[in-house]
Amino acid sequence: TITSIKALEILDSRGNPTLQATVRLDSGHAGTAAVPSGASTGAREALELRDGDPTRFGGKGVTKALANVEGPIAAALKGRDARDQGAIDALLCELDGSADKSKLGANALLAVSLATAHAAANALAIPLYRHLGDASRGFTLPVPLMNVMNGGAHANNSLDIQECMIVPHGFERFGDALRAGVGVFHALRTLLDKRGFPTSVGDEGGFAPNVSGTREALDLILEAIERAGYKPGSQIALALDCAASEFHDDGEYHLEGEGKRFSRAEFCGYLAELVGDYPILSIEDGMAEDDWAGWGLLTDRLGRRVQLVGDDLFVTNTEILSAGIEKGIANAILIKPNQIGTLTETLAAMEMARRAGYASIVSHRSGETGDTTIADLAVATACGQIKTGSASRSDRVEKYNRLLAIERELGADARFAGSKAFRSH
Ligand code: PGA
Ligand code: ZN
């Protein structure tokens with residue numbers, strides 16, 4: 001039974017304030033969770049409540065959200081059973097009452113929703129992934145989609161595509177896949193250094209060189225895969241997050257770094273050529289969130305060959321996802337709990353995707369904390385894929401380290417999604 005809820009304004013990996021909540025139970029157990037924050041956010045995401053007071057953190061303070069946690073939310077949840085996540089989250093939604101969580105703030109709601117799950121798992125003396133998951137289905141470690149080259153809104157370089165990721169899928173165990181990805185990361189650093197590029201990193205821990213365009217970025221990554229001793233494609237494939245809403249304007253896709261402008265059909269062609277020339281098995285937000293006609297074209301053209309992931313497109317929202325499924329748009333969804341605001345709604349989006357044959361990829365945000373809840377979420381749901389950054393910066397590697405600990409704890413029961421996670425395309 002919940003006895004108290006406290007919150008703290010902490011810092012995220014970009015030096016912006018964010019919210020951490022601690023839920024305490026009458027058993028003496030407690031659970032703590034912190035919420036992340038995006039930079040290239042979808043327009044239809046649940047609202048992140050910021051103070052707007054320019055004298056504190058440039059207006060980004062979260063003291064109002066904090067007050068909502070310790071005030072109305074704590075009062076409403078006091079005496080409730082923390083094990084009943086569905087009832088807790090329903091109460092949170094009801095208390096907020098708005099469609100976009102703008103009354104209390106999605107950051108306030110999510111911090112409490114996640115902290116409640118942690119508290120319940122602690123009280124039950126089981127790891128979070130067991131509390132959230134279904135032991136009869138088994139526990140599967142996800143393939144990491146590692147963002148080794150950062151661009152777009154995550155770096156101030158010339159790369160228009162926001163994320164160029166490596167996907168170490170052709171391995172037996174998560175630990176082996178991660179180690180391979182780390183090997184490529186280090187080989188890429190050496191290669192960039194040799195070619196005279198800086199080896200400083202962007203928001204998600206990947207390198208951020210001023211490359212001439214997407215192809216040069218992918219060529220460097222492929223060379224790093226080979227230098228690290230792995231086979232491009234069959235062992236380590238590539239994935240992109242275009243975050244195309246960021247460079248879509250008036251029906252045109254404008255790659256400023258490459259100095260090119262495309263119509264939606266031309267941009268589909270640009271992506272199709274990349275898929276033809278590189279071992280790319282996943283493209284996220286290849287079209288802008290408000291360009292559903294473009295999404296239709298892209299899905300017709302590439303939907304049988306590669307995973308097409310809706311991030312800004314679906315914003316972890318079942319209403320939007322169901323419309324996308326109905327129209328046959330995309331074939332996968334990125335899952336970010338803070339886009340929707342509660343754990344239960346996050347799980348509902350994953351379940352809807354699963355039933356429709358859409359893949360789910362559990363994801364971090366570009367602004368992160370040490371919170372590792374998403375690692376447990378990926379294992380609990382056996383979704384098969386996690387996107388949580390490169391192999392540097394503790395805000396990224398904490399999630400990988402948590403997955404290593406889970407794999408060891410599961411021992412012989414640990415499965416790894418591997419190449420099967422991508423078999424349907
Ligand atoms: P964001 O980026 O957290 O800045 O929105 C991540 C993504 O687009 O996947
Ligand atoms: Zn994205």
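In listed order, ligands and their atoms are each counted from 1. The first residue in the sequence is number 1, and the count goes up from there. As the structure is a computational prediction, the values presented were derived from the model and not from experiment.
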### Message
Side chains of D12 and T369: any donor to acceptor distance under 3.5 Å?
### Response
no
### Query
Could you give all pairs that pass the side chain to side chain donor-acceptor pair (under 3.5 Å) test and reach residues 312-330, with sequence neighbours left out?
T316-Q339
### Any side-chain donor near an acceptor of the partner, Y253 and S263, under 3.5 Å
no
### Task
Could you tell me if the ring centre of F171 sits under 6.0 Å from that of Y230?
yes
### Query
Centres of the F416 and F139 rings: under 6.0 Å?
no
### Message
For residues 188-201, which residue pairs pass the side chain to side chain donor-acceptor pair (under 3.5 Å) check, not counting sequence neighbours?
### Response
R195-E223
### Task
If the plane angle is over 60° it's perpendicular, under 30° parallel, otherwise tilted; pick one for F185 and F207.
parallel
### Query
Do F247 and F262 pass the ring-ring contact (aromatic ring centres under 6.0 Å, His included) test, and can you show the C-alpha distance, the side-chain angles, and the key distance before you say yes or no?
CA-CA 11 Å; F247 52 79; F262 301 94; 8.8 Å; no
### Query
What class does the angle between the rings of F314 and Y358 fall in, given that below 30° is parallel, 30 to 60° is tilted and above 60° is perpendicular?
tilted
### Task
May I ask you to determine how many protein N/O/S atoms are under 2.8 Å from the Zn ion (ligand 2)?
3
### Task
Select all protein residues for which some heavy-atom-to-ligand 1 distance is less than 4.0 Å, and list them by chain and number.
G38, A39, S40, H154, Q162, E163, E204, D241, E284, D311, L334, K336, R365, S366, K387
